[in-house]
Amino acid sequence: MDELINKPGVYGCVFADHQGLCLGVKGKASTESAGIIGAIAEQAAKLEPKSKMPIIYLENDNRSCAIHRTGTVTGAIFKNVHS
């Protein structure tokens with residue numbers, strides 16, 4: 001997490017287990033977001049169940065969030081878009 005938070009533009013990251021419980025958080029991310037991040041990854045995987053776990057990318061004018069599950073851990077990285 002320390003390595004991620006020090007990358008340009010990254011302002012937060014959160015990791016959750018397979019049940020959506022927060023495993024760790026850094027920066028301006030919230031422990032309360034762990035459950036929804038896990039749920040988003042799980043629902044997105046149902047779109048193509050025979051494929052690898054997808055990377056979900058959410059973006060607005062200023063910020064982005066990349067969500068990815070590997071094994072039983074789901075991570076989300078929050079960035080400023082124009083960094």
Side-chain angles (χ1 to χ4, degrees):
M1 287 191 302
D2 290 332
E3 187 176 327
L4 279 174
I5 201 72
N6 289 319
K7 295 208 181 247
V10 174
Y11 66 89
C13 62
V14 62
F15 292 90
D17 71 5
H18 67 284
Q19 296 178 323
L21 299 174
C22 185
L23 298 173
V25 65
K26 279 279 189 186
K28 294 183 180 179
S30 169
T31 58
E32 295 174 7
S33 66
I36 191 69
I37 287 166
I40 289 170
E42 187 168 327
Q43 294 302 312
K46 291 178 182 178
L47 294 171
E48 293 187 33
K50 294 181 182 177
S51 297
K52 291 193 278 183
M53 291 298 290
I55 297 173
I56 302 99
Y57 192 72
L58 308 169
E59 181 177 271
N60 66 18
D61 291 342
N62 303 318
R63 295 182 172 178
S64 68
C65 174
I67 302 170
H68 184 63
R69 177 175 284 173
T70 302
T72 60
V73 177
T74 303
I77 301 170
F78 300 93
K79 288 183 77 173
N80 292 310
V81 173
H82 303 290
S83 294

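- Between Gly38 and Arg69, the closest heavy-atom pair is O-NH2, 3.2 Å.
- Contact between Ile56 and Ala41 at its shortest, heavy atoms only, is CD1-CA, 3.9 Å.
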Evaluate Thr70 against Met53 for side-chain contact (heavy atoms from CB on, under 4.5 Å), listing each step before the verdict. CA-CA 7 Å; Thr70 302; Met53 291 298 290; over 6 Å; no
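- Nearest heavy-atom pair, Val73 versus Leu23, reported as atom, atom and distance to 0.1 Å: CG2-CD1, 4.0 Å.
- Atoms NZ and SG, from Lys26 and Cys13 in turn, are 8.0 Å apart once rounded to the nearest 0.5 Å.
- Note on Val14 and Ile40: same hydrophobic cluster, where clusters join Ile, Leu, Val, Met, Phe, Trp and Tyr whose side-chain heavy atoms are under 4.5 Å apart, directly or indirectly.
- Transitive grouping of hydrophobic side chains (ILVMFWY, heavy atoms separated by less than 4.5 Å) brings Ile67 and Tyr11 into a common cluster.
- One N or O on the side chain of His68 and one on the backbone of Pro54 form a donor-acceptor pair closer than 3.5 Å.
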As a quick check of understanding, evaluate side-chain contact (heavy atoms from CB on, under 4.5 Å) for Ile5 and Val10, giving each step before the final call. CA-CA 6 Å; Ile5 201 72; Val10 174; 4.1 Å; yes
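- Val81 and Phe78 are assigned to two separate hydrophobic clusters, defined by single-linkage of ILVMFWY side chains at heavy-atom distances under 4.5 Å.
- Among Ile37, Thr74, Ile77, Leu4, the one residue that satisfies the side chain to side chain contact (heavy atoms under 4.5 Å, CB included) test with Phe15 is Leu4.
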